[in-house]
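Okay, so here's the structure we're looking at.
Indexing begins at 1, ligand by ligand and atom by atom, following the structure's order. One-based numbering along the sequence shown.
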Amino acid sequence: MAKPESDLMDKIVSLCKRRGFVFQASEIYGGIGNTYDYGPLGVELKRKVKDAWWKAMVTERPDVVGLDSAIIQNPKTWEVSGHVGGFSDPMVDCKKCKARFREDKLADARCPEKPSKRPGECDGELTEARAFNLMFKTNVGPVEGSGSVAYLRPETAQGIFLNFKNVLESSRVKPPFGIAQIGKSFRNEITPGNFVFRTREFEQGEMEFFVPPAENDKWFEFWKAERFDWYQRLGIRPEKLRLRTHDDDELAHYSTGCADVEYEYPFGWGELEGIACRTDFDLNRHSEASGQDLRYFDPETKERYFPYVIEPAGGIDRMALTFMVDAYEEQQLEKDTRVVLHFHPEIAPITVAVFPLVKKEGMPERAEEIIEGLRRAGFSTFYDEKGAIGRRYRRQDEVGTPFCVTVDGDTMKDGVVTVRHRDSMEQERVPAAELAAYLAEAVRSWKRPA
Ligand code: ATP
């Protein structure tokens with residue numbers, strides 16, 4: 001029998017495919033190693049996670065601006081940042097089955113031939129560890145050769161450092177301030193896995209927060225608390241989250257501190273986001289290598305200095321997976337089991353579904369009018385007129401739609417609709433004219449059921 005925790009991941013993977021959240025990429029050609037595409041509901045979930053991140057990190061902050069830098073930068077970027085020389089994982093090969101593993105993650109790995117055993121504990125012998133660079137190489141322009149080699153970025157952060165001066169000169173910012181961006185990063189992971197937790201192509205939400213060096217510790221504490229809290233504000237259960245401070249021997253040589261927000265996944269605790277002190281390492285190095293002075297000049301103190309940097313860096317795909325895993329519940333009801341995703345309404349792919357009770361007596365037309373009004377008010381909506389009403393509710397529960405609105409015979413007489421709540425399954429009668437305001441308040445005041 002499958003272990004309960006792996007069972008939960010299997011259920012989520014199957015729900016993702018069945019309901020159009022996540023598909024295997026290039027599936028008709030047999031896929032391509034742990035690469036995924038997001039379907040109609042998955043793309044909405046991810047978009048809403050990104051919107052919530054951007055809102056908290058940029059829109060609602062007076063001290064952070066946004067950026068969208070290129071994926072392929074001048075290759076010098078990655079030499080100077082240390083990625084060409086040092087962005088590698090220790091890799092071992094199995095001499096028998098030729099499979100490759102990360103030496104530092106052997107405890108989580110399984111022999112592909114004997115999945116009950118770990119690599120090296122089967123009959124296969126492992127090679128000595130070798131450094132394997134995780135960057136994807138490509139060629140820019142029509143001629144291949146050493147002069148045209150470039151890399152797909154393995155993190156979005158460097159694009160921010162390269163634009164530090166541009167942002168300073170074009171915007172009215174001064175330390176402490178941040179530059180944030182969301183975008184794709186690429187890492188040729190030796191052992192991707194656990195569905196979209198670790199893939200070779202993924203999206204990151206990163207923010208570099210530049211501070212006067214003396215304020216480093218204060219801002220490190222601030223961003224650790226803020227990022228830890230953000231997940232809880234969006235409904236993640238606090239008992240499933242922890243903040244793990246890195247030991248000194250885990251820190252990069254230039255770093256003065258790092259902490260990870262970790263989540264307890266069905267496969268164990270894993271990093272969801274890192275908050276790192278990068279000091280002035282990157283600006284200093286890029287300044288030296290480019291010959292451009294990337295120091296900040298403080299007009300008040302007449303001092304020129306390299307700000308220190310606090311970096312909250314999270315994976316958007318990992319966030320989406322975490323919201324999904326955390327939201328999933330199978331509820332034992334009197335007659336059957338109900339699968340429900342308790343998404344925070346702000347990140348639910350569909351906020352409100354509208355149903356005519358039956359496909360006649362003018363109800364579909366009235367429901368269409370109502371849904372059109374909700375769309376114009378900015379809600380993500382879904383219309384469904386097929387099947388018994390109870391089954392339609394259940395289909396929405398399974399994809400995490402917090403509210404369903406039903407148009408019935410009474411609506412046609414008195415203009416009042418039924419609003420059914422996903423979490424409590426309670427129903428309320430609400431005048432159609434007040435529906436948009438009612439739903440906006442319900443989204444705002446939502447609390448995760450205990
Ligand atoms: P790990 O130890 O899991 O390899 P990392 O410490 O190298 O991650 P960072 O470089 O700090 O990760 O990247 C910041 C965030 O980007 C991580 O917290 C994670 O959410 C996300 N991330 C990193 N690698 C991947 C990946 N291969 N697939 C999906 N998300 C990733």
Side-chain angles (χ1 to χ4, degrees), residues 22 25 32-38 42 46 49-50 53 57 78 81-83 86-91 101-109 131-136 152-161 180-208 223-224 227-228 230-231 236 241-247 249-252 254-255 257-265 267-278 281-282 309-326:
V22 181
I32 167 163
N34 285 87
T35 305
Y36 297 93
D37 294 336
Y38 286 81
K46 236 174 105 168
V49 170
K50 286 188 273 189
W53 188 90
M57 300 298 275
W78 310 108
S81 67
H83 285 84
F87 191 57
S88 54
D89 280 335
M91 174 181 77
F101 308 96
R102 247 173 89 166
E103 195 204 22
D104 57 335
K105 300 269 185 217
L106 280 177
D108 306 331
F132 176 76
N133 195 294
L134 300 184
M135 281 200 296
F136 278 100
L152 303 189
R153 68 177 172 203
E155 61 174 32
T156 60
Q158 295 303 322
I160 296 179
F161 295 123
Q181 85 167 314
I182 292 178
K184 284 238 168 160
S185 290
F186 303 82
R187 297 182 187 178
N188 198 3
E189 300 276 2
I190 299 165
T191 33
N194 287 325
F195 197 35
V196 295
F197 180 82
R198 187 182 302 286
T199 51
R200 296 195 170 103
E201 171 180 339
F202 56 97
E203 261 180 300
Q204 288 188 305
E206 292 195 297
M207 199 266 284
E208 309 305 314
W223 282 110
K224 278 192 292 187
R227 294 307 303 152
F228 192 62
W230 182 78
Y231 291 99
I236 302 273
L241 283 172
R242 72 181 183 195
L243 197 60
R244 189 183 71 81
T245 304
H246 283 209
D247 293 331
D249 61 0
E250 286 178 85
L251 296 178
Y254 53 81
S255 175
C258 187
D260 290 341
V261 178
E262 294 189 337
Y263 181 83
E264 191 179 20
Y265 296 94
F267 43 85
W269 288 94
E271 174 183 334
L272 181 50
E273 164 159 356
I275 299 105
C277 298
R278 289 180 85 127
F281 177 75
D282 305 87
V309 171
I310 313 294
E311 175 198 77
I316 303 291
D317 309 77
R318 237 179 240 190
M319 291 177 196
L321 174 68
T322 309
F323 285 119
M324 188 113 192
V325 167
D326 197 68

### Message
For P192 versus R200, what's the shortest heavy-atom pair and its separation?
### Response
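Reported closest heavy-atom pair: CD-NH2, 3.3 Å.
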Give a yes or no answer on whether the side chain of [X] reaches the backbone of [Y] with a donor-acceptor pair at less than 3.5 Å.
X: R318; Y: F197; answer: yes
X: N133; Y: H83; answer: yes
X: R227; Y: D260; answer: no

### Task
Would you tell me whether S185 and Q204 have side-chain atoms, one donor and one acceptor, within less than 3.5 Å of each other?
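The answer is yes; a qualifying pair exists.
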### Message
Looking only at side-chain N and O atoms, does Y263 offer a donor or acceptor that is under 3.5 Å from a partner on D326?
### Response
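Side-chain D/A pair, D326 to Y263: present.
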If you take the nearest heavy atom of each of [options], which one is closest to [atom]?
atom: atom 24 (N) of ligand 1; options: F186, F87, F202; result: F202
atom: atom 12 (O) of ligand 1; options: R102, Q204, R187, E201; result: R187
atom: atom 8 (O) of ligand 1; options: E206, E271, E155; result: E271

### Query
Between E206 and R153, does at least one N-O distance fall below 4.0 Å, as a salt bridge requires?
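Salt bridge between E206 and R153, a charged N being under 4.0 Å from a carboxylate O: no.
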### Query
Would R244 count as a cation-pi partner of W269, with NZ or CZ less than 6.0 Å from the six-membered ring centre and within 45° of the ring normal?
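Because its charged atom misses either the 6.0 Å distance or the 45° angle limit, R244 does not stack over W269.
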Would you say [X] and ligand 1 have an N/O pair spaced under 3.5 Å apart?
X: T199; result: yes
X: R200; result: no
X: V196; result: no

#### Entry: For atom 19 (C) of ligand 1, closest protein heavy-atom neighbour
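Scanning the protein heavy atoms, the shortest distance from atom 19 (C) of ligand 1 goes to R318 NH1, 3.4 Å.
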### Task
Could you tell me the residue and atom name of the protein heavy atom closest to atom 29 (C) of ligand 1, and the distance to it rounded to 0.1 Å?
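For this ligand atom, the closest protein heavy atom is F197 O, 3.2 Å.
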### Message
Under 4.0 Å, heavy-atom basis, I'd like to know which part of R198 is in contact with ligand 1: side chain, backbone, both or neither.
### Response
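The part of R198 near ligand 1 is both the backbone and the side chain.
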### Task
Answer side chain, backbone, both or neither: which part of D317 comes under 4.0 Å from ligand 1, heavy atoms only.
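D317 to ligand 1: no contact under 4.0 Å from either part.
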Counting each atom of ligand 1 from 1 as listed, which ones have a heavy atom of [X] under 4.0 Å away?
X: L272; value: 18 (O), 20 (O)
X: E189; value: 24 (N), 26 (C), 27 (N)
X: G315; value: 15 (C), 16 (O), 19 (C), 20 (O), 21 (C)

### Query
Taking the six-membered ring for Trp, are F281 and Y254 parallel (under 30°), tilted (30 to 60°) or perpendicular (over 60°)?
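Rings of F281 and Y254: parallel, as their planes differ by under 30°.
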